[in-house]
Amino acid sequence: MNSTAVSFMNMAISAAANVFSTTPNPRVGCVIVRDGVVVGTGWHEKPGLPHAEVNALREAGELARGATAYVSLEPCCHHGRTPPCTDALITAGVTEVVFAMLDPNPLVAGKGAQALRDAGVKVTWPMLEDEARALNRGFIKRMDEGLPFVRCKLAMSLDGRTAMASGESQWITGPAARADVQRLRAESCAVLTGVNTVLSDNPSLNVRPEQLLATATVGASPARDSLVDGAPRQPLRVILDSSLRTPPESKILSLPGDVLFLVGAPHQQQYGRFKDSKAIIREVATVAGGRVDLRAAMALLASEFNCNEVLLEAGPTLGGAMIQAGLVDEVIIYIGAKFLGSDALPLLNLPGLRHMSDHVGLEIVDVLGIEGDCRITARLINR
């Protein structure tokens, strides 16, 4: 693999890495190279706006003729909210397109590459495919499986506890670790919690601009377009609430952004409590005890709400249930440097694990110190 070409593809991937507002579209970056020099760089910003290739071509202008385009994802070839990127590349006179991976969207999926070849453009792929897939894990999973990529965010003490027996939990970690969570929320299409967390903690689960910008101090640059006129893009906040017990005066309903309730059996008599709120209410299939079917809930978030990435911020019961249902792809655990004692509450409720062979397997992929606390990122490997 040509090291210079790899360098240009890295630039394309990096161009898209800090853009969090493309949902439900994938994150895509592009660089246009002529005679070994980058003449145009672009990334996709928001649905309905030009794609990465078009933005890079605009910057390159006439220098795009005879150039090579490096794109982190196969160029689209269909008419959506914007015209096909393959047409733009062909019209601009690009002679070669190198892309990192095929687009899993069945509307593209190899058709973009073929359209370019049919027009006489040289096409090369894959290149840095693993890095490109990591950029769009949620989009890929939604296309392939009809489910979002789910991260489970947890915070615990060094002895694996999440709150005192009384329920007191503020704060296990320090300000820098809590600010780091803002980036996770900004990356996500939705933040998911359960009604018990709403009742006990009255959380906001929103993205706060002052804390999001502070993530640069812990080794992660803030999203390139996360703030618009000082206000961040807010993820959809989702509450699993089988019998619609959430109080209408809850903080989560008073803040900017949409709130979705996923409920079980019809509770029409309860709906009236929310007639003056912005809440969206959807009924989902249930399992034993009238609880919302977790897999059905995730499928609905993918199909109806086009959620690529979901951040789970919940208590030990819902967190454990999601893991045992095989619906969590990654856990991110913040560890505060303190002991809470044996009477404090556990990290997760995972009933039925009686033998070592029953364990939930994890692969640790990153460990980071954050101003006295620690963040561990791990993948679920035996879901």
Side-chain angles (χ1 to χ4, degrees), residues 150-188 191-194 196-223 232 235 237 251-252 309-324 328-351 353 359-381:
V150 179
R151 295 183 183 89
C152 179
K153 170 256 170 183
L154 302 164
M156 70 177 192
S157 61
L158 268 173
D159 52 348
R161 304 292 169 164
T162 60
M164 305 307 292
S166 64
E168 181 186 358
S169 62
Q170 295 182 345
W171 297 101
I172 291 175
T173 57
R178 298 198 299 274
D180 192 59
V181 175
Q182 296 297 308
R183 181 178 174 88
L184 297 180
R185 291 179 184 173
E187 289 180 359
S188 303
V191 177
L192 171 69
T193 195
N196 289 333
T197 296
V198 175
L199 293 174
S200 62
D201 296 344
N202 195 21
S204 300
L205 301 181
N206 62 338
V207 179
R208 296 156 202 157
E210 68 283 357
Q211 286 186 306
L212 179 62
L213 292 174
T215 59
T217 67
V218 295
S221 57
R237 282 164 291 167
K251 190 187 301 182
I252 202 169
E309 300 176 18
V310 171
L311 177 64
L312 174 62
E313 294 195 52
T317 299
L318 179 55
M322 286 282 290
I323 287 173
Q324 290 193 305
V328 172
D329 299 281
E330 184 175 85
V331 293
I332 299 176
I333 306 173
Y334 293 89
I335 303 174
K338 52 178 65 77
F339 294 131
L340 298 186
S342 57
D343 291 336
L345 302 180
L347 182 66
L348 292 166
N349 290 339
L350 295 169
L353 306 184
H359 74 277
V360 177
L362 300 170
E363 177 191 2
I364 295 176
V365 296
D366 182 64
V367 179
L368 176 69
I370 303 179
E371 295 189 14
D373 296 320
C374 177
R375 184 189 72 196
I376 296 177
T377 303
R379 300 191 188 104
L380 277 290
I381 59 175

Checklist entry - Distance from L184 atom CG to T377 atom OG1, nearest 0.5 Å? => result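 Rounded to the nearest 0.5 Å, the CG-OG1 separation comes out at 8.0 Å.
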Checklist entry - CG/L205 to NZ/K251 distance, rounded to the nearest 0.5 angstrom? => result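 That separation rounds to 10.0 Å.
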Grab the two heavy atoms, one from [X] and one from [Y], that are nearest each other, plus how far apart they are.
X	Y	result
E309	E187	OE1-O, 3.4 Å
V310	S188	C-OG, 4.5 Å
R208	S204	NH2-CB, 3.5 Å
P346	P316	O-CB, 3.8 Å
L347	T162	CA-CG2, 3.4 Å

Checklist entry - Hey, are the side chains of V331 and L362 touching, using non-hydrogen atoms and a 4.5 Å cut-off? => result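 Yes - at least one pair of side-chain heavy atoms lies under 4.5 Å apart.
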Next on the checklist: Contact between Q324 and L353 at the side-chain level, heavy atoms closer than 4.5 Å - yes or no?
Outcome noted: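 In contact.
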Next on the checklist: Taking D366 first and then R375, would you say they form a salt bridge - that is, a charged N and a carboxylate O separated by under 4.0 Å?
Outcome noted: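 Yes, D366 and R375 are salt-bridged.
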Is [X] reaching over with its side chain to a backbone N or O of [Y], donor-acceptor style, under 3.5 angstrom?
X	Y	value
R161	L340	no
R237	I252	yes
N349	G320	no
T193	E313	yes
E330	R151	no

Checklist entry - Yes or no on side chain to side chain contact (heavy atoms under 4.5 Å, CB included) for L348 and L154, after CA distance, side-chain angles and deciding distance? => result CA-CA 9 Å; L348 292 166; L154 302 164; 4.0 Å; yes
Next on the checklist: Set out, in order, the CA-CA distance, both residues' side-chain angles and the distance that settles side chain to side chain contact (heavy atoms under 4.5 Å, CB included) for Y334 and K153, then state yes or no.
Outcome noted: CA-CA 8 Å; Y334 293 89; K153 170 256 170 183; 4.0 Å; yes
